[in-house]
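Values reported hereafter were calculated over all heavy atoms of this structure, with side chains retained and with hydrogens, waters and symmetry mates removed. First the proteins, then the strands, lettered A, B, ... as listed; each starts at 1.
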Protein chains: 2
Amino acid sequence: MDEAAYLAAYDPADFPPVAVAVDVVPLTFSAGALHVLLNRRAEQPARGRLALPGTFVRADEDLDAAAQRALRDKAGLNAPVRQFHAFGAVDRDPRMRIVSIGHMAVVDADTIAQATAAGDTCELLQISGGAVRTASNRRAALPFDHDAVLARALSDLRRDLDRDDWAFGLLPQTFSLRELQALHEAIRGQSLNKPAFRKRLIESGRLEATGEMETGKGFRPAELYRPARINHAAE
Amino acid sequence: MDEAAYLAAYDPADFPPVAVAVDVVPLTFSAGALHVLLNRRAEQPARGRLALPGTFVRADEDLDAAAQRALRDKAGLNAPVRQFHAFGAVDRDPRMRIVSIGHMAVVDADTIAQATAAGDTCELLQISGGAVRTASNRRAALPFDHDAVLARALSDLRRDLDRDDWAFGLLPQTFSLRELQALHEAIRGQSLNKPAFRKRLIESGRLEATGEMETGKGFRPAELYRPARINHAAE
DNA sequence: TGAATAGTGTCTTTCAGACAATATTCT
DNA sequence: AGAATATTGTCTGAAAGACACTATTCA
């Protein structure tokens, strides 16, 4: 049997009973801390609990597209997404075997504030010490394996912090070096040296000065920067 | 409907028609270069061509277990595996929609030589310049999206080279610093400074001197090292 | 003027690269 | 002895941390 004949006779019903989903970790940075946007589940299982937005992957849809659709449908948000890990433990979902491809989404605080204001099914929770905190700073547990998914997202975000420009998405389009340093400190969980941080980031070529200044603060305004347009990966 | 009732009524036949597979990139290091073990496909599609070993994931099997089973069944090899990326483009397989979770496997050269000698369905091909080379050093193209899978495996291997001990698996249980340096140079694609490399690796605490010496070479024997048993991640 | 932060200069420490000198084994 | 590589020492330059000093804005 040649390949064409084989494919004509191939029956997709023979595929194994494993479903594919995506879960999205929508992150943002505000008030000096990372935050994650959680969705209150409308359906069983875990109905009424806060969880990461997710959805099943459609047959004609790429993984990233499914993640963006989940984000749009459950949080009314359009944001760039990036896959970081696949979660496939046999018992991770009570319904059936579901392999979920974990995606991160990065959003600036203003955009995410609009999304949370628009509907009441989403809540923005602070992340502290690698775990989600409620308003009273109590550790909140997520359903399914979503605590592990979030932890892995944060770990991979930290790993790639100095390797690419992905984390810039957590800030507004322009930002001061103080804000950028606060972001790096929140992600890495340690304070950084100011002159060294400034020199390193500016000389990395990943930033571009806008010439504009901060405004409205009660002290000397800082210059605003944006991610450099040029891709330095080609060097 | 409460959660228990919902789960009782849940019909797994409703899951979307997307299949889950694993593809394995079995890597080793010999003769100063990385090599990948490829499997000559016994079935359609791409029958007779060399491809990465892979298999569908069973409903009661974790992702890593599926990758190890593929390696065992198609290459007669037991080796540690590590997931690195999920590949899910809609048209990546001509049969149907298949999302494949890419896994790396690391094997030392002696073990992999036994596996290739045992059967004739596998071939060990050299990797050079990020692509597979035949014996005559010509660039060989792999079926499906396996060229992209391999490229991503190499890229992630390089990224994690100084972050964890995973790449030690590409060497025998004990090895000289010269062999380790050659491995790092092959993975990074650039030559390294010898004294700096030695100092950095020894002082990293990731290595343990065995006190044993190399033998059988026509020159001064080097001390043999092994990966340190202690996990330094807890510091 | 004072508070608060921006931005910079300098000193020190750490670490990698360059280069070379000495040590050890086998033929 | 000679070949080949192991191992170590020293010098140099680059980068980061510590600390402090000057600059700028608003109240």
Side-chain angles (χ1 to χ4, degrees), chain A residues 29-33 158-163 167 171-172 174-226 228 232 235, chain B residues 29-33 158-163 167 171-172 174-226 228 232 235:
Chain A
F29 180 70
S30 68
R158 191 178 317 121
R159 181 191 63 193
D160 294 335
L161 188 56
D162 291 325
R163 290 177 38 89
L171 294 174
T174 67
F175 46 83
S176 69
L177 289 176
R178 168 178 42 82
E179 292 171 311
L180 183 60
Q181 182 175 347
L183 171 63
H184 279 233
E185 288 175 339
I187 293 176
R188 299 173 56 152
Q190 61 181 0
S191 63
L192 296 169
N193 182 272
K194 183 165 74 159
F197 181 81
R198 296 176 63 89
K199 263 182 287 189
R200 183 164 61 85
L201 268 288
I202 289 174
E203 290 170 9
S204 74
R206 296 163 58 193
L207 287 180
E208 203 170 60
T210 64
E212 317 239 319
M213 291 289 163
E214 250 182 344
T215 169
K217 299 280 198 298
F219 44 78
R220 172 175 174 180
E223 181 162 16
L224 295 174
Y225 289 78
R226 63 170 153 254
H232 290 264
E235 284 174 17
Chain B
F29 181 70
S30 67
R158 192 178 316 121
R159 180 191 65 193
D160 293 334
L161 188 56
D162 291 325
R163 289 177 40 87
L171 294 174
T174 68
F175 46 82
S176 68
L177 288 176
R178 167 177 43 81
E179 292 172 309
L180 183 60
Q181 182 173 349
L183 170 64
H184 279 232
E185 288 175 339
I187 293 175
R188 300 173 56 150
Q190 60 181 2
S191 63
L192 297 168
N193 183 272
K194 185 162 71 162
F197 180 81
R198 295 176 63 90
K199 263 183 288 189
R200 184 165 60 87
L201 268 288
I202 290 174
E203 290 170 11
S204 74
R206 297 164 58 196
L207 288 180
E208 204 171 59
T210 63
E212 316 241 318
M213 291 289 163
E214 251 183 344
T215 169
K217 299 279 196 301
F219 44 79
R220 173 176 173 179
E223 180 160 19
L224 294 175
Y225 289 79
R226 65 169 152 253
H232 290 264
E235 285 176 17

For [X] and [N], give me the distance from atom [atom1] to atom [atom2], rounded to whole Å.
X	N	atom1	atom2	result
B:Glu214	C:dA23	CD	C1'	15 Å
A:Glu179	C:dA6	CD	C1'	13 Å
A:Lys217	C:dA6	NZ	C1'	13 Å
B:Gln190	C:dA18	CD	P	11 Å
B:Gln181	C:dG17	CD	P	10 Å
A:Asp162	D:dA15	CG	C1'	13 Å
A:Arg178	D:dA23	CZ	P	21 Å
A:Leu192	D:dG17	CG	P	7 Å

Walking DNA chain C from its 5' end, the first of A:Ile202 and A:Gly218 to be reached, judged by nearest nucleotide, is A:Gly218
On DNA chain C, compare the nucleotides closest to A:Lys199 and A:Leu224; which residue's is nearer the 5' end?
A:Leu224
Below the 4.0 Å mark, does D:dT8 have OP1 or OP2 next to a side-chain nitrogen or oxygen of B:Arg198?
yes
Ignoring backbone atoms, test whether B:Asn193 places a side-chain nitrogen or oxygen under 4.0 Å from the OP1 or OP2 oxygen of C:dA18.
yes
Measure from the side-chain heavy atoms of [X] and tell me the nearest of [options].
X	options	answer
B:Ala222	C:dT5, D:dC19, D:dA6	D:dA6
B:Ala196	D:dT5, C:dA16, D:dT8	C:dA16
B:Pro195	D:dA16, D:dG9, C:dA16	D:dG9
B:Arg220	D:dA4, C:dG7, D:dC19	D:dA4

Of A:Phe197 and A:Gly216, the one whose closest DNA chain D nucleotide lies more 5'
A:Phe197
Along DNA chain D (nearest heavy atom to each residue), the more 5'-positioned of A:Glu203 and A:Phe219:
A:Glu203
Tell me which one of B:Leu180, B:Leu177, B:Leu201 satisfies side-chain contact (heavy atoms from CB on, under 4.5 Å) with B:Tyr225.
B:Leu177
Inspect the surroundings of CD in B:Glu185 and state if more than 12 heavy atoms from other residues, nucleotides or ligands are less than 6.0 Å away.
yes
Need one value for B:Glu223: base, sugar-phosphate or nothing, where a base atom within 4.0 Å counts as base even if backbone is also close, heavy atoms only.
sugar-phosphate
With a 4.0 Å cut-off on heavy atoms, is A:Lys194 in touch with a base, just the backbone sugar-phosphate, or nothing at all?
base
Which heavy-atom pair separates A:Asn193 from A:Ala196 by the least distance, and what is that distance?
OD1-N, 3.1 Å
At what distance, to the nearest 0.5 angstrom, does CG of A:Leu183 lie from OG of A:Ser30?
11.0 Å
Using 0.5 Å steps for rounding, measure from the OG1 atom of A:Thr174 to the CD atom of A:Glu223.
10.5 Å
